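To start, the structure under review is shown below, and the notes come after it.
Sequence positions, counted from 1, serve as the residue numbers for this chain. Source: prediction; values computed, not measured.
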Amino acid sequence: MAKIKWDHVVHYVNDLTAAKDVFVSNGLIAFEGGSHKQWGTYNVLSYFGLTYLEFLALENRKLAESISDPNDVVKDAVKHLPEEEVLSRLALRTDDIEAVRERLVTQGIEATPIMAGKRNDAKGNLIEWKMMTIPGDYQGLPYPFVIQWNGLDEEREAQLKETGIIQEHPAGNVVMERAVFHVEQPQAVAEHWAEIFDLSIDTEMADKAIAVKTDKHAFVFQLGSENRLQVIEFSTDNEQLKGKNIKIGDGIYSFR
């Protein structure tokens with residue numbers, strides 16, 4: 001059975017340097033990831049183990065507007081920027097993207113063909129992956145997209161540590177734990193995500209919230225009208241960060 005984990009989250013921003021500087025000023029490592037030359041976007045990344053944050057901006061808007069690939073992440077960047085610097089779709093990581101796609105299609109969920117992704121990092125190295133997006137939404141909330149990297153998680157993590165991509169933040173121990181969505185139908189959305197991605201539901205949430213769990217993370221659905229990812233929650237032992245909310249555009253990063 002294909003494994004599903006939280007790979008990363010996308011936050012659309014207009015100014016990558018400004019977003020990076022906010023993180024760096026709070027003791028969090030963030031760096032230029034590179035360019036997606038075929039899609040007209042580029043990014044800044046901040047890693048918390050293999051789960052990471054991607055600030056995504058338009059490097060070539062004209063190219064991004066003209067892509068033929070069914071890449072809703074890029075198309076949403078065009079739609080939201082420059083007016084809305086919002087948190088976007090989650091990326092779910094799998095070790096068998098073909099099996100995940102088959103499961104979705106079997107359940108009547110539309111999924112794009114699997115496409116090749118690539119970018120050049122800041123040093124010019126080519127990084128490649130496979131991905132697919134899931135068009136549309138459920139109860140108003142856009143679906144995540146799915147990605148499969150080359151190699152096993154353990155191999156990738158060791159390699160990323162060796163190259164310094166994954167390292168301890170100056171702030172110390174900081175773990176990216178939960179993604180919090182505000183949706184009009186929390187129970188229905190949680191049950192739907194759990195069913196189509198074969199995940200478990202955490203029934204012990206308070207305040208009328210319900211969560212879907214992967215191995216180490218939780219996607220929390222709370223009552224709200226936005227039908228959008230609103231908050232990324234971290235745990236930390238850094239006293240300066242604990243209890244702090246960092247706002248970038250319309251996205252909130254909460255530390256506890």
Side-chain angles (χ1 to χ4, degrees), residues 3-13 16-17 19-36 39 41-57 73-74 76-77 85-95 97 117-123 125-131 133 144-180 214-219 229 231-236 238 241 246 248-249 251-255:
K3 296 178 181 177
I4 291 285
K5 299 179 181 179
W6 185 8
D7 191 68
H8 68 279
V9 63
V10 178
H11 188 167
Y12 298 126
V13 297
L16 289 178
T17 300
K20 181 184 74 171
D21 289 348
V22 170
F23 261 46
V24 171
S25 67
N26 282 279
L28 303 169
I29 294 172
F31 58 91
E32 290 81 7
S35 298
H36 309 102
W39 294 325
T41 55
Y42 60 149
N43 62 24
V44 157
L45 306 175
S46 185
Y47 274 78
F48 303 86
L50 281 180
T51 303
Y52 67 95
L53 169 68
E54 177 183 21
F55 292 109
L56 188 71
V73 180
V74 175
D76 282 352
E85 293 186 299
V86 294
L87 288 164
S88 177
R89 303 165 190 257
L90 293 187
L92 302 179
R93 181 172 72 254
T94 183
D95 56 351
I97 195 168
K118 60 183 179 180
R119 66 175 169 85
N120 294 102
D121 66 17
K123 296 182 179 179
N125 300 310
L126 181 64
I127 300 173
E128 298 180 282
W129 62 89
K130 293 188 288 186
M131 65 176 288
T133 58
F145 63 101
V146 183
I147 190 167
Q148 181 175 351
W149 299 95
N150 293 335
L152 300 174
D153 279 0
E154 295 77 9
E155 296 170 347
R156 286 186 57 244
E157 186 166 15
Q159 182 183 21
L160 291 173
K161 286 181 177 178
E162 183 179 342
T163 57
I165 299 297
I166 295 177
Q167 56 180 295
E168 184 173 345
H169 294 271
N173 183 44
V174 184
V175 179
M176 199 163 148
E177 286 193 332
R178 309 200 311 175
V180 181
T214 65
D215 58 337
K216 297 179 181 178
H217 303 103
F219 308 141
L229 175 59
V231 182
I232 303 298
E233 293 185 348
F234 301 80
S235 64
T236 181
N238 183 289
L241 275 180
I246 298 173
I248 298 177
I252 296 173
Y253 300 90
S254 181
F255 299 83

Once you round to the nearest 0.5 Å, how far does [atom1] of [X] lie from [atom2] of [Y]?
X: Leu152; Y: Gln159; atom1: CG; atom2: CD; result: 12.0 Å
X: Ser254; Y: Arg178; atom1: OG; atom2: CZ; result: 9.0 Å
X: Glu154; Y: Leu50; atom1: CD; atom2: CG; result: 8.5 Å
X: Leu45; Y: Ile165; atom1: CG; atom2: CD1; result: 8.0 Å
X: Asp21; Y: Asn26; atom1: CG; atom2: CG; result: 11.0 Å

Compare every heavy atom of [Y] with every heavy atom of [X], then report the nearest pair and how far apart it is.
X: Gly49; Y: Ile166; value: O-CD1, 3.3 Å
X: Gln148; Y: Ile97; value: OE1-N, 2.9 Å
X: Leu229; Y: Ser88; value: CD2-O, 3.4 Å
X: Thr51; Y: His217; value: OG1-CE1, 3.1 Å
X: Trp39; Y: Gly117; value: CH2-CA, 3.8 Å
X: His169; Y: Ser46; value: CE1-OG, 3.8 Å

Can you check whether [X] reaches [Y] side chain to side chain, under 4.5 Å on heavy atoms?
X: Val175; Y: Phe234; result: no
X: Ile232; Y: Leu87; result: yes
X: Asp7; Y: Trp149; result: yes
X: Glu85; Y: Ile248; result: no
X: Phe255; Y: Asn238; result: no
X: Ile252; Y: Ile246; result: no
X: Gln167; Y: Ile29; result: yes
X: Leu92; Y: Lys5; result: no

Item to check | side-chain hydrogen bond (donor to acceptor under 3.5 Å, both in side chains) partner of Asn43, the single match among His11, Glu54, Glu32 | outcome: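 In the set His11, Glu54, Glu32, the residue that makes a side-chain hydrogen bond (donor to acceptor under 3.5 Å, both in side chains) with Asn43 is Glu54.
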Item to check | Pair Asp153 + Arg93, salt bridge at N-O below 4.0 Å | outcome: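 Salt bridge: yes.
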Next on the checklist: Parallel, tilted or perpendicular: which one describes the rings of Tyr52 and His8, with boundaries at 30° and 60°?
Outcome noted: parallel
Checklist entry - What orientation do Phe31 and Tyr47 show, parallel under 30°, tilted 30 to 60°, or perpendicular over 60°? => result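 Because their plane-to-plane angle is under 30°, the rings of Phe31 and Tyr47 count as parallel.
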Next on the checklist: Can you tell me if Glu162 has over 12 outside heavy atoms packed within less than 6.0 Å of its CD?
Outcome noted: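 Count not over threshold, so no.
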Item to check | Exam field: side chain Thr94 to backbone Ile4, donor-acceptor pair closer than 3.5 Å | outcome: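 It does not hold such a pair.
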Item to check | Check: Glu177 main-chain N/O paired with Glu233 side-chain donor or acceptor under 3.5 Å | outcome: no
Checklist entry - Do Tyr253 and Phe23 have ring centres separated by under 6.0 Å? => result yes
Item to check | Working for side chain to side chain contact (heavy atoms under 4.5 Å, CB included), residues Leu160 and Glu157 | outcome: CA-CA 5 Å; Leu160 291 173; Glu157 186 166 15; 5.8 Å; no
Next on the checklist: As a quick check of understanding, evaluate side chain to side chain contact (heavy atoms under 4.5 Å, CB included) for Thr133 and Met131, giving each step before the final call.
Outcome noted: CA-CA 7 Å; Thr133 58; Met131 65 176 288; 4.0 Å; yes
Checklist entry - For Leu241 and Val174, what are the C-alpha separation, side-chain angles and deciding distance, and is it a side chain to side chain contact (heavy atoms under 4.5 Å, CB included)? => result CA-CA 9 Å; Leu241 275 180; Val174 184; 4.2 Å; yes
Item to check | CA sep, side-chain torsions, deciding dist, call: Trp6, Asp215, side chain to side chain donor-acceptor pair (under 3.5 Å) | outcome: CA-CA 9 Å; Trp6 185 8; Asp215 58 337; over 6 Å; no
Next on the checklist: Run Thr236 and Asn173 through side chain to side chain contact (heavy atoms under 4.5 Å, CB included) and show every step you take.
Outcome noted: CA-CA 6 Å; Thr236 181; Asn173 183 44; 5.7 Å; no
